[in-house]
Amino acid sequence: MGSFAVVPDDGPLRLVLVGAGNMGRAWLRMIAGTPTVRLVGLVDLDLNLAQRAAAEHGLDVVIGDSLTAVAAESGAQAVIDVTVPPAHHAVNTEALLAGLPVLCEKPIAPTVTETLSLIATEEVSGQLLMTSQSRRYYPALARLKSMTATLGDIGIVTTEFFKAPHFGGFRDEMEHPLLVDMAIHAFDAVRYLLDADPVTVDCRTFNPSWSWYRGDAAANAIFTFEGGTRYTYTGSWCSPGLETSWNGSWRVSGARGTAVWDGDGEPAVVHAEDDGARPAEVPEIRSEIAGALDEFVTALRSGETPSGDVHSNVHSLAMVEAAVLSASTGRTVELAAVLEDAYRKALENELRDDVREALRSWGSPAREA
């Protein structure tokens with residue numbers, strides 16, 4: 001994992017926000033309440049949309065449909081990418097190669113192949129590319145992680161996720177709406193809890209008879225992690241009644257005891273015997289996108305690699321692709337094979353010579369991802 005440029009602490013970090021839709025407006029509100037940053041530019045291909053968003057929030061910022069032009073005119077120091085996922089690779093690449101670090105909404109790219117290209121682009125540019133994996137940022141999840149550290153060897157981690165949202169639109173037509181659009185949050189959270197990456201996955205998906213989704217809205221997945229820990233994810237997006245939290249319901253079982261979290265309240269831990277093990281105190285963090293922004297700013301000021309750096313986050317996206325492949329083929333899938341296949345495709349597809357050379361220099365995705 002390479003280093004990235006540190007941004008001098010000369011006042012609030014000057015940001016350009018790319019994307020003025022619904023999620024963009026949520027970011028506008030949050031940025032306005034964060035004294036460590038200041039919005040100086042707003043970019044959207046729909047200029048009328050961007051102008052309306054700026055007016056609604058009383059903003060006096062540079063507005064345009066070109067990221068590079070708006071960043072140059074506004075004196076921006078960093079970019080927040082809140083565009084639709086298919087645009088992430090292009091927007092992130094443009095920003096990085098213009099010398100600007102990026103905090104990008106999840107997924108950082110639609111595929112592992114494009115994400116490997118972005119890792120190489122980060123290395124070529126010397127700028128930070130970080131994912132806003134927003135559901136990693138909950139104070140209660142940090143406390144669950146602290147409790148997990150007191151349990152000794154971890155045998156099993158489980159997540160149950162049962163909701164019944166009627167979104168309408170593109171999610172209703174996706175082939176794997178639960179896995180592709182939502183499960184990455186739980187997959188990323190278990191990597192955070194265990195400080196480890198998965199080795200294999202066996203996943204099966206199906207669509208209940210009453211489902212309003214075209215694709216499979218329910219899934220059972222079992223991941224094997226480094227060290228042998230099993231992670232079981234069971235979920236459905238068409239299960240009305242007694243719904244879980246959007247964060248799911250968690251149980252961590254270890255040699256010395258068990259920790260649980262309902263996804264909303266406080267986690268709890270019970271040890272098999274009182275051996276003096278106590279969870280460490282954890283610093284308070286802001287939740288969701290605010291927590292992601294705080295970590296981004298801290299990283300840029302300190303040079304400390306954030307947890308959501310693209311080198312790390314690609315493993316969460318690989319969990320999704322591996323689960324989908326397992327469900328589609330009915331067989332156990334090795335995560336290393338998914339990364340190797342994506343690496344081969346990234347080399348074949350890359351259009352920039354410097355990025356392709358960076359990719360080729362790895363020899364294997366295991367060296368950099």
Is it true that [X] and [Y] have a side-chain N and a carboxylate O under 4.0 angstrom from each other?
X	Y	answer
Arg352	Glu357	no
Arg52	Glu56	no
Asp188	Lys106	no
Arg191	Asp197	yes

Q) Looking at Trp237 versus Phe162, is the centre-to-centre ring distance below 6.0 Å? A) no
Q.
With a 6.0 Å cut-off on the ring centroids, do Phe223 and Tyr233 count as close?
A. no
[X] side-chain N/O to [Y] backbone N/O, donor-acceptor pair under 3.5 Å:
X	Y	answer
Ser361	Ala358	yes
Glu321	Val112	yes
Arg38	Thr36	no
Trp212	Cys238	no
Arg135	Ala189	no
Arg143	Pro267	no
Arg256	Leu151	no
Asp46	Leu49	yes
His88	Pro107	yes
Ser302	Thr298	yes

Other residues, nucleotides, ligands: >12 heavy atoms within 6.0 Å of [X] [atom1]:
X	atom1	result
Glu281	CD	no
Gln51	CD	yes
Asn22	CG	no
Ile156	CD1	no

**Q.** Contacts of type side chain to side chain donor-acceptor pair (under 3.5 Å), residue Thr111, not counting sequence neighbours
**A.** none
**Q.** Verdict with supporting geometry, Asp195 and Lys145, salt bridge (Lys or Arg N to Asp or Glu O under 4.0 Å)
**A.** CA-CA 9 Å; Asp195 285 323; Lys145 179 180 175 66; 2.8 Å; yes
Check: [Y] and [X] side chains under 4.5 Å, non-hydrogen atoms:
X	Y	value
His271	Thr150	yes
Ile289	Tyr137	no
Thr224	Pro198	no
Val252	Ile154	yes
Pro12	Val37	no
Val6	Leu300	no
Tyr192	Arg136	yes
Val269	Thr258	no

Closest non-hydrogen atom pair between [X] and [Y], with its separation:
X	Y	answer
Ala346	Leu116	CB-CB, 4.3 Å
Ala71	Leu100	CB-CD1, 3.5 Å
Val282	Ala142	CG1-O, 3.8 Å
Lys163	Ser245	CD-O, 4.2 Å
Ala318	Leu339	CB-CD2, 4.2 Å
Gln127	Pro101	OE1-CD, 3.4 Å

Exercise: do [X] and [Y] side chains pair donor with acceptor under 3.5 Å:
X	Y	result
Glu266	Trp261	no
Ser316	Gln133	no
Thr332	Asp202	yes
Thr305	Asp309	no
Glu123	His311	yes
Glu288	Tyr138	yes

Q: Just jot down the side-chain contact (heavy atoms from CB on, under 4.5 Å) partners of Ala322, sequence neighbours excluded, or say none.
A: Val201, Val333, Leu335, Val338
Q: Check the pair Glu340 / Arg344 against salt bridge (Lys or Arg N to Asp or Glu O under 4.0 Å), numbers first and verdict last.
A: CA-CA 6 Å; Glu340 285 290 349; Arg344 177 183 56 79; over 6 Å; no
Q) Yes or no on side-chain contact (heavy atoms from CB on, under 4.5 Å) for Leu293 and Met30, after CA distance, side-chain angles and deciding distance? A) CA-CA 9 Å; Leu293 180 61; Met30 191 272 297; 3.7 Å; yes
Q: Only one of Thr159, Asn220, Ile222 passes side chain to side chain contact (heavy atoms under 4.5 Å, CB included) with Thr234; say which it is.
A: Asn220
Q. Can Glu160 and Arg251 be said to form a salt bridge (Lys or Arg N to Asp or Glu O under 4.0 Å), step by step?
A. CA-CA 9 Å; Glu160 293 185 341; Arg251 184 180 185 94; over 6 Å; no
Q: Determine, stepwise, if the pair Leu193 / Leu141 fulfils side-chain contact (heavy atoms from CB on, under 4.5 Å).
A: CA-CA 8 Å; Leu193 286 178; Leu141 181 61; 3.9 Å; yes
Identify each donor-acceptor pair in which a side-chain atom of residues 75-86 lies under 3.5 Å from a protein atom, sequence neighbours left out, and give them as a table.
unit_1: Gln77; atom_1: OE1; unit_2: Arg14; atom_2: N; d: 2.9
unit_1: Asp81; atom_1: OD1; unit_2: Thr83; atom_2: N; d: 3.0
unit_1: Asp81; atom_1: OD1; unit_2: Thr83; atom_2: OG1; d: 2.6

